[in-house]
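Predicted model only: the values in this text are computed from it and were never measured. For the numbers below, each heavy atom of this structure counts, side chains included, while hydrogens, waters and symmetry mates do not.
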Amino acid sequence: MTAETFEFQVEASRLLRMMVHSIYSNKDVFLRELVSNASDALDKLRIEALRDDSLGADVSDPHIEIETDKDARTLTVRDNGVGMSREEVVGLIGTIAKSGTAEFVRKLEEAQKAGDAGNPAAAEALIGQFGVGFYSAFMVADEVTLLTRRAGESSGTRWISTGEGTYTIETVGDAPQGTSVILRLKPEDADDRLFDYTAPWKIREIVKRYSDFITWPIRLVEAGAEEPGKDADGGSEDAGKPEPEAINSRKALWARPRGEVSDEEYHELYKHISHDWTDPLETIRIQAEGTFEYQALLFLPARPPQGVLSQDRRGVQLYVRRVLIMEECEELVPAYLRFVKGVVDAQDLSLNISREILQQDRHIQLMRRRLAKKVLATLKEMRTARPEKYADFWREFGAVVKEGLINDPDSRDAILAASSFASTHDAEGTTTLQEYAERMKEGQEHIYYLTGPSRSAVESSPHMEAFRDKGLEVLVLTDPVDEVWVDAVPDFQGRKLLSIAKGEAELGTEEDRERAEAERERRREEYAGLLEWMTERLGGEVKEVRLSSRLTVSPACVVSDAEDMTPGLRSMFRAMGQEVPESKRILEINPGHPLITGLRGAHAENASAPGLEGMAELVHGMALLAEGGMPGDPARFTRLMAERLERSL
């Protein structure tokens, strides 16, 4: 079939130019990318062959082969894995990471401006995040050819590009199963020994550094080399044929003693599994023995890899007796730990176990509980022993972990022990609930909290005033999930979690509360007329107007009944398209504020005075604004405010 020529998208052309000139300071990583892709293809073939007996794929000798040709100046990386169809080549290769290209280019340009373009960690993080590692081949090649045939199909596809703006695609009939990537190496690298990718020693070095742990054999072939022990003049008809040399140990890192594995080897395994090219924050080893044996090697990332915080991508690799069964086994990791990456190798599971069976398998459920318990215990230990590392982790993943307080009630205590929260006790750091409980004042019965969109909004809320004056600590909860989990956790060590924006504010000792209630009762008689009048005037907006025990500075605030939804939770449900029943809130006024005492005096003098009704609306509107809300009729509120200011001038 005649080859068709296509033009790269504008953004793809920019991407290729950046790949060639800007991204890596260490060019060697291109081979890591190609070997990693080949390994993934073999993994996928193994899984597809297990699931589909009719696939017709050759799985007799799965391997990766790297061939160097010094005379032709070519380097070939081939595998006999799952391969790609023509449609997959067009969609995955021809359009260059179509879903993420624009964002990748933007971030790479930002890195260049910030001076990070030559920083390997910064550049590789972007590569891993957007999945465009294949194109790193253009750093060392002035032409790249990809020849591939999908397992089970009769014809293959050839893709060729120089990275200069176009590529060609053609259908070929004699392609072997799998994928071959042939690089025509740039001539300028030939004179630099450190970048001579036709030198076998160089290939061995790169594979040892980055890919030694890969479970599939990686074989090196040197084109033109004679087979050892044969005479080129007639020892055998095979004389002169290249002999493959295995160059990776293929040792499963999770099965080797800790003392035999370096941190660098663990980090490279993490990068291979997660496609995140920054080092993991923490490595967790698990060795379970007894009636059901398995080994696990888990990693906590330093930052969220692309897509990991959504519910779409989660799970660890599941092996059975060193054979990969599933790339992302969701059943082994609860959703609130979906950022965890790693390997679990079980001894007693079936090789053809299905997802449906996994969901009911008691061994899987047992492993799931133990893995979650170990991760949470590691987080708790990290907070004490390595607080800076924990702080970095919690900043990135804390909101996800807290989902478990809603979805995994059996692990709630362990999750709370591993969690930390912002608090008025420390303007910079966080606290655990245990530490909060140990600091509670004498006579304090509850753990107080306030939710809101940001720390500054929460700390400036009128609801904080009396608590601040009395030196009572309040948890500052600003993640959207905080609106939900606080209702799912009834108490901590017998102490109820209490929102300071709900119900009556119960502060101090029992004696203090009795004294405050007596004072409020006296004030209620004094303010009875105003409270009744304001409740009537604002009846369409509020459930009740009452005197406040939580305000010391502000004239008014709005609160919810103890069982009502907070405004934040209501907004969250509405954003998800869920119907939320309407419920009115309570307006609390501060009898010690000059505005409120003045309003009481004006009402007592003439309840029907012009403008008095508008003042009730202004007090309510200001209370809504103070908590970050909005009056029901912003235009009317603005007009009333303007009229009042005009009269005062």
Would you call [X] and [Y] a salt bridge, using N to O less than 4.0 angstrom?
| X | Y | answer |
| --- | --- | --- |
| Glu544 | Arg585 | no |
| Glu617 | Arg636 | yes |
| Arg383 | Glu435 | yes |
| Glu331 | Arg368 | no |
| Asp408 | Arg369 | no |
| Lys389 | Glu282 | yes |

Pairwise side-chain contact, [X] with [Y], heavy-atom cut-off 4.5 Å (strictly under):
| X | Y | value |
| --- | --- | --- |
| Pro280 | His267 | yes |
| Ile589 | Leu530 | yes |
| Tyr336 | Leu376 | yes |
| Ile586 | Val542 | no |
| Pro462 | Leu551 | yes |
| Asn407 | Pro334 | no |
| Arg412 | Val489 | yes |

Look up atom [atom1] in [X] and atom [atom2] in [Y], then write down how far apart they are to the nearest 0.5 Å.
| X | Y | atom1 | atom2 | result |
| --- | --- | --- | --- | --- |
| Asp487 | Leu405 | CG | CG | 12.0 Å |
| Leu472 | Met464 | CG | CE | 11.0 Å |
| Ile284 | Lys374 | CD1 | NZ | 7.5 Å |
| Leu531 | Arg523 | CG | CZ | 11.5 Å |
| Leu497 | Leu433 | CG | CG | 6.0 Å |
| Leu475 | Ile447 | CG | CD1 | 7.0 Å |

If the plane angle is over 60° it's perpendicular, under 30° parallel, otherwise tilted; pick one for [X] and [Y].
| X | Y | value |
| --- | --- | --- |
| Phe393 | Phe339 | perpendicular |
| Trp533 | His603 | tilted |
| Tyr270 | Phe299 | tilted |

Pair Asp561-Lys502, salt bridge (charged side-chain N to carboxylate O under 4.0 Å, His left out): steps then yes or no = CA-CA 5 Å; Asp561 263 342; Lys502 284 186 173 185; over 6 Å; no
Might you point out which heavy atoms bring [X] and [Y] nearest each other, and give the distance in Å?
| X | Y | value |
| --- | --- | --- |
| Lys441 | Gly471 | CE-O, 2.9 Å |
| Leu612 | Ala607 | CD2-O, 3.7 Å |
| Asp276 | Arg303 | OD1-NH2, 2.9 Å |
| Ala623 | Leu587 | CB-CD1, 3.9 Å |
| Leu379 | Ala418 | CB-CB, 3.9 Å |
| Ala488 | Ile406 | CB-CA, 4.4 Å |

Are [X] and [Y] linked by a side-chain donor-acceptor pair shorter than 3.5 Å?
| X | Y | result |
| --- | --- | --- |
| Glu473 | Ser423 | yes |
| Glu465 | Ser554 | yes |
| Thr478 | Arg455 | no |
| Asp482 | Thr451 | no |
| Arg439 | Thr431 | yes |

Heavy-atom donor-acceptor pair, [X] side chain to [Y] backbone, under 3.5 Å:
| X | Y | value |
| --- | --- | --- |
| Arg644 | Gly611 | yes |
| His446 | Tyr448 | no |
| Arg468 | Glu459 | yes |

Answer yes or no for Arg600 and Tyr527: cation-pi contact, defined as NZ/CZ to six-membered ring centre under 6.0 Å and angle to ring axis within 45°.
->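 Pair Arg600/Tyr527 counts as cation-pi.
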Should we say atom [atom1] of [X] is surrounded by more than 12 heavy atoms from elsewhere, each under 6.0 Å from it?
| X | atom1 | result |
| --- | --- | --- |
| Arg522 | CZ | yes |
| Glu532 | CD | no |
| Lys380 | NZ | no |
| Glu438 | CD | yes |
| Gln493 | CD | yes |
| Glu526 | CD | yes |

Dump the intermediate steps for side-chain hydrogen bond (donor to acceptor under 3.5 Å, both in side chains) on Ser420 and Tyr390, then the final yes or no.
-> CA-CA 10 Å; Ser420 62; Tyr390 173 87; 3.1 Å; yes
Among Glu403, Glu330, Glu328, find the one that has a salt bridge (charged side-chain N to carboxylate O under 4.0 Å, His left out) with Arg338.
-> Glu403
Worked check of salt bridge (charged side-chain N to carboxylate O under 4.0 Å, His left out) between Lys584 and Glu541 | CA-CA 6 Å; Lys584 296 178 182 178; Glu541 299 289 333; over 6 Å; no
Would Ser411 and Asp413 count as a side-chain hydrogen bond (donor to acceptor under 3.5 Å, both in side chains) if you check the C-alpha gap in whole Å, the side-chain angles of each, and the deciding distance to 0.1 Å?
-> CA-CA 6 Å; Ser411 302; Asp413 290 344; over 6 Å; no
Only one of Tyr436, Phe492, Trp485, Tyr449 clears ring pair (Phe, Tyr, Trp, His ring centres under 6.0 Å) with Phe421; which?
-> Trp485
Kindly determine whether Asp392 and Arg395 satisfy salt bridge (charged side-chain N to carboxylate O under 4.0 Å, His left out), including the steps that lead there.
-> CA-CA 5 Å; Asp392 291 340; Arg395 183 169 53 252; 2.7 Å; yes
